[in-house]
Number of protein chains: 2
Amino acid sequence: MKTRRKPELQVVGTSPRASAPNQRRRQSEILDAAAKVFAQRGYYGASTQDIADILGIKQASLYYYFPSKEIALERVCLKGVEGFFEAASEVAAKKITASEKVRGLVEAHLAPLLDRADFVKTFLNERQYLPPVSRKKVGKLSRAYEKVIEKVVMEGIASGEFRKGLDPRLMTLALLGMCKSVAAWIGKENPYKVPEVAEQYARILLAGIGKAGR
Amino acid sequence: MKTRRKPELQVVGTSPRASAPNQRRRQSEILDAAAKVFAQRGYYGASTQDIADILGIKQASLYYYFPSKEIALERVCLKGVEGFFEAASEVAAKKITASEKVRGLVEAHLAPLLDRADFVKTFLNERQYLPPVSRKKVGKLSRAYEKVIEKVVMEGIASGEFRKGLDPRLMTLALLGMCKSVAAWIGKENPYKVPEVAEQYARILLAGIGKAGR
DNA sequence: CAATCTATCTATTGATCTATAGAATCCGGC
DNA sequence: GCCGGATTCTATAGATCAATAGATAGATTG
């Protein structure tokens with residue numbers, strides 16, 4: 001979202017200005033550093049000093065950019081979860097079979113690991129440490145996301161494409177669990193790349209490991 | 001400061017054994033409390049004070065039972081992973097089909113959640129914060145465990161029971177990922193019970209979500 | 001009863017961490 | 001070349017935390 005906002009009617013004299021782009025870029029650098037540290041050492045294991053070290057500034061200077069460590073975590077988590085819902089909704093809205101949707105959902109879930117790994121990891125592993133208010137915000141987004149997946153599964157069952165005894169919620173949790181764990185080991189003495197994993201995981205979900213696989 | 005060695009010669013045969021059972025029971029209570037706190041708040045989020053509070057003793061008193069917080073984490077993690085290897089090996093050694101073995105592996109992995117949930121959770125989520133030496137010990141056990149799973153998958157492929165293109169390592173990671181996530185939500189506003197989840201998850205792995213399911 | 005052992009306590013140290021206050025510096029536009 | 005806001009710094013308060021040292025109460029033993 002980058003709509004450059006025009007000054008509302010009464011911004012009185014002073015012009016809101018050219019520094020805005022720089023400001024925004026720096027903000028994002030700060031958040032990148034926070035995400036990196038949170039993802040690597042966990043929220044409580046990470047100190048604001050660690051974040052400052054990455055940026056080459058003093059620890060106290062960080063507080064120019066966020067009012068508390070908890071808020072920094074909230075922002076990182078929000079950036080980690082944002083996009084999941086939209087991407088999934090897009091897949092779910094397509095005119096394709098439920099199987100193809102499941103495949104798309106897996107791909108969409110793993111894709112952000114390519115360009116926002118630290119944010120996603122932090123969202124997945126550290127959101128539990130958010131203060132209640134923040135947790136609610138983040139929880140709202142992730143629950144909406146899960147509902148999209150569940151609905152795809154239910155449709156698949158209703159249409160007869162998926163097995164009848166399947167529990168949609170449990171199935172969703174299985175999908176999320178498989179994908180979540182990928183964040184933990186991808187790019188770590190592993191030869192695997194994201195698209196390959198998405199392909200194989202989607203296939204396991206759809207056909208199992210048996211020979212039936214299409 | 002640890003007594004690297006016992007008094008050389010004079011260990012004196014007389015056994016003051018009577019206290020041993022109580023001693024051991026207390027040790028285990030201490031570890032239970034540590035596991036509970038580590039599982040709930042994470043290693044860095046948990047203070048030794050929190051552990052002491054559960055037990056109703058003073059924080060400093062804990063150090064009668066373990067020499068450092070890190071060692072407490074090591075012990076909890078070891079208790080969390082121990083048994084996995086044996087249980088899996090047992091399943092793998094049976095004279096049953098590879099499919100039945102996979103089902104048994106899932107059940108064996110989820111079973112400890114019934115009676116050692118806090119230890120297993122801590123092992124799964126906090127082992128990354130172990131100091132290098134401890135991490136190596138724990139890593140050794142868990143890698144051996146993973147190898148057992150991988151081997152079962154490879155056998156299934158070799159025997160033609162499983163699909164040929166399957167990557168055994170990736171398949172193992174998928175199984176572990178699915179099961180790991182269960183620890184995070186089981187018994188939390190969920191109607192699901194462990195055996196039910198094991199049943200469904202094994203089925204998803206074996207037959208996928210398609211109608212093919214046995 | 002005396003000696004020893006076990007388990008816990010009190011008291012404290014030093015390190016580390018988040019956050020605040022206010023001063024200094026940088027930089028673009030005039 | 002100076003002004004004003006943007007950005008970073010210094011210094012420090014205040015809290016918490018892991019860990020150590022030494023004392024002590026209660027049980028066990030001899």
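Residue numbers start from 1 in every chain, and the chains themselves are labelled A, B, ... in the order their sequence lines are given, proteins ahead of strands.
- Here the side chain of A/Thr48 is nearest to one of D/dA19, D/dT8, C/dT18, namely C/dT18.
- The CD1-C1' distance, from B/Ile57 to D/dA25, rounds to 16 Å in whole Å.
- Nucleotide D/dT10 holds its C1' atom 13 Å from the CD atom of A/Gln49, rounded to whole Å.
- For a distance-only test at 3.5 Å, the side chain of A/Gln59 qualifies as a donor-acceptor partner of the base of C/dA19.
- Nucleic acid contact class of A/Ala46 (heavy atoms, under 4.0 Å, all strands): sugar-phosphate only.
- Among D/dT20, D/dA18, C/dT8, the nucleotide with an atom closest to any side-chain atom of B/Ala60 is D/dT20.
- Within a 6.0 Å sphere centred on CD of B/Glu86, heavy atoms belonging to other residues, nucleotides or ligands number more than 12.
- Nucleotide D/dA11 holds its C1' atom 16 Å from the OH atom of A/Tyr63, rounded to whole Å.
- Residue contacts for A/Ala72: at a heavy-atom cut-off of 4.0 Å it reaches no nucleic acid atom on any strand shown.
- Put simply, CD on B/Glu29 is 14 Å from C1' on C/dT8, counting in whole angstrom units.
- Within the 4.0 Å cut-off from OP1 or OP2 of D/dT8, at least one side-chain nitrogen or oxygen of A/Tyr65 is found.
- Between C/dA7 and B/Ser61, no contact under 4.0 Å exists linking OP1 or OP2 to a side-chain N or O.
- The shortest distance between the side-chain N/O atoms of B/Arg26 and the OP1/OP2 oxygens of C/dT8 is below 4.0 Å.
- Atom pair A/Lys58:NZ and C/dA19:P shows a separation of 19 Å (rounding to whole Å applied).
- Panel note: side chain A/Lys69, backbone A/Tyr43; a donor-acceptor pair is recorded below 3.5 Å.
- Which of D/dA19, C/dC9, D/dT8 sits closest to the side chain of B/Lys69 comes down to D/dA19.
- Between B/Phe66 and A/Ile30, the residue anchored closer to the 5' end of DNA chain D is A/Ile30, taking for each the nucleotide with the nearest heavy atom.
- Ring geometry, A/His109 versus A/Phe84: the interplanar angle falls from 30° to 60°, so the pair is classed tilted.
- Straight-line distance from the CG atom of A/Leu73 to the P atom of C/dA19: 12 Å, rounded to whole Å.
- Distance from the side chain of B/Tyr64 is smallest to C/dA7 among C/dT18, C/dA7, D/dC9.
- Heavy-atom contacts from other residues, nucleotides or ligands closer than 6.0 Å to CD of B/Glu29 number more than 12.
- Put simply, CD on B/Gln27 is 11 Å from P on C/dT8, counting in whole angstrom units.
- Between A/Asp53 atom CG and D/dT8 atom C1' the separation is 15 Å, expressed in whole Å.
- Of the charged side-chain nitrogens involved, none lies within less than 4.0 Å of a carboxylate oxygen, so that A/Lys121 and A/Glu126 do not count as a salt-bridged pair.
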